[in-house]
Amino acid sequence: MYYKKVRYTYITVDDALPLFVESVGYNPQEEDFSRPNGYPYYHWLQTVEGEGRFTFNGQEYRLPKGHGTLLKPYTPHSYWTSGKRWSTVYITFGGASVVSILDALKLNFSTLYTDMESLPFVGIIEDMLQKIEAETEFSKLDLSSSLYHFLVNLRKYGKVNNQPSLSHFYEKVRPIVEWLETVYAEDIGLDDIAQYSNVSSQYLNRLFQDTFSVSPYSFLIQVRIRKAKEILIQNPEIPLKNVAFLVGFNDSSNFVATFKKKEGITPKKYRDLYYKK
């Protein structure tokens, strides 16, 4: 493993970047820390060998191999080695858009993550360390890109306190999503989706809420709007009423109102802005 060869702390604070990495590294023997006032940046700490102990929010947690924790800035915490050896990898980060990005990914809270050993997180940190060693002109941007990739994977695969990951839910809902991608133009509603899925409407709604944080019908509307945007750009000669019909809306007024609610502008304005640009 590359991280076993090197140990880095890399300072790249740049408040102009949407995301920046303040430090990243590997500690072959983690030190004991007590931070009653917390740390000024978001902090990810993951065990790669041995075991540590971690306290925050009045709780103490084991941090064995494959476990990690994400802390918000200024969260009081402490951690120490449990046993002879505790090796970790870590990232601290911030940025002009870090709060909105973490809010969108539903990651903006301090918590423990479990069962991480077989997942790609350590590999992403290794890649960051290699980027640092390369010292290219675009190192900061490359690290920001890797950090975003790390956070997306944390949202997708991370298990909070042994709860199922997002990917676990998505495997259940994927056949339904693939079906909706082919029948979005048809006159279908929640009952039709539930009948195709062979589950109750209540269970279907809970499954979509757990996976996408929207109802099944809202997800269908999102698919229709996405398809409408593709048609508006790729086929500028098609009238709006025809676009509405092609993506499953019964009338153009409902299509225009729904499009404006989702996108903030009308379909006509969306098309005009694209071709004006």
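Owing to the predicted nature of the structure, the values given are computational and were not obtained by experimental measurement.
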For residues W80 and V89: do they belong to one hydrophobic cluster (side chain heavy atoms under 4.5 Å, members Ile, Leu, Val, Met, Phe, Trp, Tyr)?
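In one cluster: no.
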[X] to [Y] - nearest heavy-atom pair and separation:
X	Y	value
L240	R271	CD2-NH1, 4.5 Å
S23	Y90	OG-CE1, 3.7 Å
L70	L154	CD2-CD2, 4.2 Å
L204	A194	CD2-N, 3.6 Å
T47	P64	CB-O, 3.3 Å
I225	K262	CG1-CG, 4.3 Å

Calculate, to the nearest 0.5 Å, the distance between atoms [atom1] and [atom2] belonging to [X] and [Y] respectively.
X	Y	atom1	atom2	result
F56	S78	CZ	OG	11.0 Å
F245	D251	CZ	CG	12.5 Å
K269	E263	NZ	CD	15.0 Å
L19	I101	CG	CD1	3.5 Å
M128	D142	CE	CG	10.5 Å
K229	Y270	NZ	OH	4.5 Å

Look only at the side chain of [X] and the backbone of [Y], and say whether a donor-acceptor pair between them is shorter than 3.5 Å.
X	Y	result
S97	S100	no
T258	F255	no
S110	K72	yes
N205	Q202	no
N153	H149	yes

Would you mind reporting whether [Y] and [X] have side-chain heavy atoms less than 4.5 Å apart?
X	Y	value
R62	E51	yes
L112	L63	yes
V223	R226	yes
I125	F150	yes
F208	I176	yes
Y184	L220	yes
Y39	L71	no
L180	I188	yes

Checking E60 now: which residues fulfil salt bridge (Lys or Arg N to Asp or Glu O under 4.0 Å) with it, not counting sequence neighbours?
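By the salt bridge (Lys or Arg N to Asp or Glu O under 4.0 Å) rule, E60 matches R53.
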Mind checking what makes side-chain contact (heavy atoms from CB on, under 4.5 Å) contact with Q222, not counting sequence neighbours?
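So Q222 forms a side-chain contact (heavy atoms from CB on, under 4.5 Å) with V214, F219.
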Return the set of residues passing side-chain contact (heavy atoms from CB on, under 4.5 Å) with Y74 (not counting sequence neighbours), or none when no residue passes.
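Residues passing side-chain contact (heavy atoms from CB on, under 4.5 Å) with Y74: P40.
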Have a look at Y113 and tell me which of F121, W44, Y61 forms a ring-ring contact (aromatic ring centres under 6.0 Å, His included) with it.
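So the option named by the test is W44.
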Stepwise side-chain contact (heavy atoms from CB on, under 4.5 Å) check, E30 with L45:
CA-CA 10 Å; E30 184 58 79; L45 183 71; 3.6 Å; yes
How about [X] and [Y]: does a side-chain donor come under 3.5 Å of a side-chain acceptor?
X	Y	result
N108	Y42	yes
T81	Q29	yes
T92	E22	yes

In sequence, state the C-alpha distance, the side-chain angles, and the governing distance for Q46 and I91, and then conclude on side-chain contact (heavy atoms from CB on, under 4.5 Å).
CA-CA 9 Å; Q46 180 178 344; I91 311 171; over 6 Å; no
Test side-chain contact (heavy atoms from CB on, under 4.5 Å) on D103 and V99; report intermediate values, then the result.
CA-CA 6 Å; D103 282 343; V99 173; 3.6 Å; yes
Do other residues, nucleotides or ligands put more than 12 heavy atoms under 6.0 Å from the CD atom of Q209?
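Yes.
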Using the six-membered ring wherever Trp is involved, compare the ring planes of H77 and Y79 and label them parallel, tilted or perpendicular (cut-offs 30° and 60°).
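H77 vs Y79 ring planes: parallel.
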